[in-house]
Enquirer: 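Please find one structure pasted underneath; my questions will follow.
Order of the sequence lines fixes the chain letters, A, B, ..., with proteins taken first and strands second; residue numbering starts at 1 for each chain.
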Amino acid sequence: MASEPLVSIENLTVQFRTDRGWATATESVSFDIGDGDCLGVVGESGSGKSVTALSILRLHARGTSRFNSGTIRYDGRDLLRASERDMRAIRGRDIAMVFQDPMSSLNPVLTICDQISETLMLHRGLSRIEARKRAIELLDLVRIADAARRVDEYPHRFSGGMRQRVMIAIAIACRPRLLIADEPTTALDVTIQAQILELLRDLRTELNMAVMLISHDLGVIAEFARRVVVMYAGRVVEDAPVDVLFRKAMHPYTEGLMASMPALDGPVRRLYSIPGRIPDINEQVAGCRFSPRCGHAEAVCLTAMPDLVPVSPDHRVRCAPRTRTTGAG
Amino acid sequence: MAAEPIIEVRDLDMAFPVRGGPGGKTVIQQVLHKLNFDIAPGETLGLVGESGSGKSTAGRILVGLYEPTGGSVKLFGQSITGAQRQHGLAAVRSRLQFVFQDPHAALNPRMRVGDSIAEPIAIAGGRTRRDRADRVRELLEMVGLPRDGAERFPHEFSGGQRQRIVIARALALQPGFIVCDEPVSALDVSIQAQIVNLLMDLQQKFGLSYLFIAHDLAVVRAIAHRVAVLYAGSIVEVAPKDELYGDPQHPYTRALLDAVPRADPDRVRGPVLGGEVPSLLAPPPGCRFHTRCPHVMPRCRTDIPALRVTTPGRHVACHLYA
C-alpha cells in the first residue's frame with residue numbers, strides 16, 4: 001500500500017472482565033486496512049477476530065471491557081479516543097457491519113423499509129418518502145427480486161439468505177468506506193453462501209469500498225480476500241497476500257490450519273490434526289501462545305513472546321524460529 | 001458390497017403436521033420422500049444436504065426417535081417400523097447409538113462425566129458398580145481422555161473433549177451402528193480433524209457402521225465410504241465416495257460441490273447456482289430441483305425422476321440419465 005491506509009490498528013489490547021479477573025482477548029494486534037482493500041481475517045474461536053472488528057466500531061459493552069493499549073486510526077483520528085457522539089456519526093455512515101446471524105439482526109416487528117430507512121434518515125437526512133425510494137433501490141442492488149413489493153414486508157417473510165441480503169442493503173445504505181462482515185455466511189447453506197460472497201465481491205467493486213471479511217473458513221477467505229490476517233489466541237500470527245499465504249504460509253499454526261482442513265480434491269488422506277486445544281481466555285501461556293501445540297517449538301518459544309516480523313514487504317510472521325534465518329527483526 | 005447390509009431402508013416417508021397454512025391452518029409437510037439405502041457392516045454412509053433437506057429426520061428415524069409415516073427400516077435384520085416397531089426396537093436398542101452436534105447440550109452439566117458414561121451400562125444392567133467404573137476408565141482411554149476425567153464435570157472440558165465424552169458414552173454398550181448427526185460442525189477446524197480421526201479409528205477397531213450426517217462435503221469425503229445426497233427430502237444421488245466427488249452426475253450434486261469454497265485463491269469458480277431450496281409445504285411438481293436446475297427439460301416439471309442405477313453401485317435420480 002503506497003497511500004495512507006483507511007484504517008490502521010496499532011498495538012490493540014482488549015480485556016474483558018471475567019469471574020477470574022481481567023482476561024486478555026486480543027494482545028498487541030496491529031494491521032492496516034487500505035482504501036478499497038479486500039481483507040480476510042481468519043481464526044478459530046477465541047482468536048480475537050470479532051473482538052478486533054467490534055473494537056473498530058467500539059461496540060464492546062462498557063464496564064466489562066477495556067482497551068489497555070492501542071490506537072485505531074481512521075480519517076486522521078483515533079477511534080478509541082473519539083467521543084461517543086463522533087462514533088455514532090461514524091457507525092453506519094463511514095464504517096458499517098454485517099453480522100453472522102441475519103435472523104436476530106433484524107427487528108421482527110418493523111418492515112424491511114423501516115429498517116433500511118432508519119440509517120438513511122439518520123445519517124443522510126432523507127425524508128420518509130425519499131428513504132423508501134432509496135430502500136427499493138438498495139434491495140435491487142442486493143439482487144432482491146420484486147423489490148418495490150418486498151420492501152413493505154416483514155423479516156419473517158424472508159429466507160436466511162434473503163435476510164442477509166437485507167442486512168447488506170442496510171450496511172451499504174450510506175455508502176460506507178469500510179464494510180466489516182463478521183462470518184456473514186456461516187449460518188447459511190453452501191449454495192446460498194456462494195451467492196452472498198458473489199454479491200459482496202460485486203458490491204465492493206461497484207461501490208469502491210473496503211471490505212474486512214471475518215471467517216473461520218479458509219475456503220471462504222481464499223475465494224474472497226486479497227490479503228489475509230491470521231489470528232490465534234488473541235494475536236496476529238501471520239499477515240500476507242492471499243496467494244503468498246496459501247502457497248508459502250510460514251507460521252506453523254497457519255500450516256497446521258491448512259493441513260487440518262479436509263479437501264474436496266486430490267487423494268483422500270487421513271486428516272492432519274493439530275494436537276492439543278485452543279487455550280482458554282483466562283489461561284496464562286508464557287511465550288508464544290501456540291507453543292504448547294507446536295511441533296517446531298524451541299526453548300525460546302516457551303519463554304519469550306515473538307514479535308510480528310516482516311519477512312518481505314507485505315508478509316509478516318510471528319514465529320521466532322521461522323523468522324530467525326531471514327535476518328529480519 | 002459383499003456383506004449383507006445391517007441397515008435396510010425402503011421407501012421411507014416422513015410427514016409432519018405443521019401450522020403455517022393459510023389462516024394458520026395445519027398442513028402436512030412431507031419431509032422425506034421414498035428414501036432407499038443400505039449400510040453394510042463396517043461401512044460409513046455419508047448423508048449430505050442443505051438445511052431442510054431432511055437429513056436429520058432420517059437419522060432420527062433410524063435410531064427410533066420418530067416413527068416414519070411410510071416405508072420400512074430394518075436394523076440388524078429386525079424391522080423397527082410398522083407392527084414390529086416396539087418389539088424390534090427393544091431387540092436392537094443396545095446396538096444403536098446417536099452422537100449429536102452439540103456436545104454441550106448432550107451432557108448433563110450436573111452429572112460427573114463418569115456417571116454420564118456409566119448410565120447406559122447401568123440401565124442395561126448386569127454389572128457391578130466397580131465393573132462399571134473400570135469400564136468407564138477404559139472407555140475414556142479409548143477416546144483419548146485421561147482416566148481420571150470420570151470425576152470431573154462437563155464444564156471442565158473443551159468442546160472437542162466433550163464430544164469425546166459423548167462418543168465414549170455411545171460406545172459404552174458396544175453398539176454396531178452409530179448415527180452421527182453433524183458431530184463436528186460445532187468444533188473448530190483444528191479440533192474437527194481429531195474427532196473425525198477418532199471416529200475412523202474406532203470404526204476400524206470395532207467394525208462399527210456409521211450414518212454420518214453433515215452439511216460439510218469435505219468432512220464427509222474424509223470419513224465416508226459411500227455418500228447419499230439429499231435435496232428437499234429426496235435422495236438425488238448415491239455413489240461410492242471417489243465417484244461422487246470425482247465425477248458428480250446429478251446437477252444438484254455438481255452445483256453443491258462447486259459452491260464449496262476451496263483453499264485455492266487461483267480457482268476459477270463456475271456460475272453460482274441461483275434460487276433457494278423450495279418450501280416443503282408446497283414443493284414444486286416433478287423433480288424438486290427443476291426450479292434451480294441449469295439442465296431443466298419439459299418433463300422435469302411434471303415427472304418425478306426415479307433413483308436409477310447409472311453405473312454399478314451408483315444411483316442417480318435425474319431425467320438426464322433416463
Enquirer: Side chain, backbone, both or neither: which part of A:Phe224 has a non-hydrogen atom closer than 4.5 Å to chain B?
Expert: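 When you check distances to chain B, no heavy atom of A:Phe224 falls under 4.5 Å.
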Enquirer: Under the side chain to side chain contact (heavy atoms under 4.5 Å, CB included) criterion, do A:Val190 and B:His215 qualify, and how do the steps go?
Expert: CA-CA 8 Å; A:Val190 63; B:His215 71 283; over 6 Å; no
Enquirer: Go through A:Arg277 and B:Ser190 one step at a time and tell me if the side chain to side chain contact (heavy atoms under 4.5 Å, CB included) criterion holds.
Expert: CA-CA 8 Å; A:Arg277 60 187 180 81; B:Ser190 70; over 6 Å; no
Enquirer: Checking A:Gln195 side chain against B:Gly275 main chain: does a donor-acceptor pair fall under 3.5 Å?
Expert: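 Confirmed, A:Gln195 side chain pairs with B:Gly275 backbone.
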Enquirer: Considering only heavy atoms, which portion of A:Arg143 lies under 4.5 Å from any heavy atom of chain B: side chain, backbone, both, or neither?
Expert: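 Neither part, no heavy atoms under 4.5 Å.
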Enquirer: Please answer whether the main-chain N or O of A:Ser159 pairs with a side-chain N or O of B:Glu276 as donor and acceptor at a distance below 3.5 Å.
Expert: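 Checked: no pair found.
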Enquirer: Would you check if B:Leu187 and A:Glu44 make a side-chain contact, meaning some heavy-atom pair closer than 4.5 Å?
Expert: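 With C-beta onward as the side chain, the pair stays apart.
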Enquirer: Measure the CD1-CD distance between A:Ile274 and B:Gln194 for me, rounded to the nearest 0.5 Å.
Expert: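 Here the interatomic distance stands at 8.5 Å.
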Enquirer: Say whether, by atom type as modelled, one donor and one acceptor occur between the side chain of B:Asn197 and the main chain of A:Leu271 under 3.5 angstrom.
Expert: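 Side chain of B:Asn197 to backbone of A:Leu271: a pair is present.
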Enquirer: Tell me, for A:Pro267 versus chain B, whether the close heavy atoms (under 4.5 Å) come from the side chain, the backbone, both or neither.
Expert: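 Looking at A:Pro267, just its backbone touches chain B.
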Enquirer: Who in residues 256-272 of chain B is close to chain A, using a strict under-4.5 Å heavy-atom cut-off?
Expert: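 Heavy-atom contacts from residues 256-272 of chain B to chain A are B:Leu256, B:Leu257, B:Ala259, B:Val260, B:Pro261, B:Arg262, B:Ala263, B:Asp264, B:Pro265, B:Asp266, B:Arg267, B:Arg269, B:Val272.
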Enquirer: Where on A:Asp265 is there a heavy atom nearer than 4.5 Å to chain B: the side chain, the backbone, both, or neither?
Expert: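 For A:Asp265, the contact with chain B is made by backbone and side chain together.
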Enquirer: List for me each residue that meets side-chain hydrogen bond (donor to acceptor under 3.5 Å, both in side chains) alongside B:Thr291, sequence neighbours excluded, and say none if there are none.
Expert: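 None.
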Enquirer: So for A:Met162, is it side chain, backbone, both, or neither that comes closer than 4.5 Å to the heavy atoms of chain B?
Expert: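 When you check distances to chain B, atoms from both the backbone and side chain of A:Met162 fall under 4.5 Å.
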Enquirer: With a 4.5 angstrom heavy-atom cut-off, is it the side chain or the backbone of A:Arg247 that approaches chain B, or both, or neither?
Expert: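 Interface part for A:Arg247: side chain.
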Enquirer: Among A:Arg270, A:Arg293, A:His216, which has the most heavy-atom pairs under 4.5 Å with chain B?
Expert: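 The answer is A:Arg270.
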Enquirer: Just checking, is any N or O donor in the side chain of A:Ser260 or B:Gln192 under 3.5 Å from an acceptor N or O on the other one?
Expert: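 Short answer, no.
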Enquirer: Ignoring hydrogens and geometry, is there a side-chain-to-backbone donor-acceptor pair from A:Asp189 to B:Ser51 under 3.5 Å?
Expert: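 Yes, the answer is positive, given that a donor and an acceptor are paired below the 3.5 Å cut-off.
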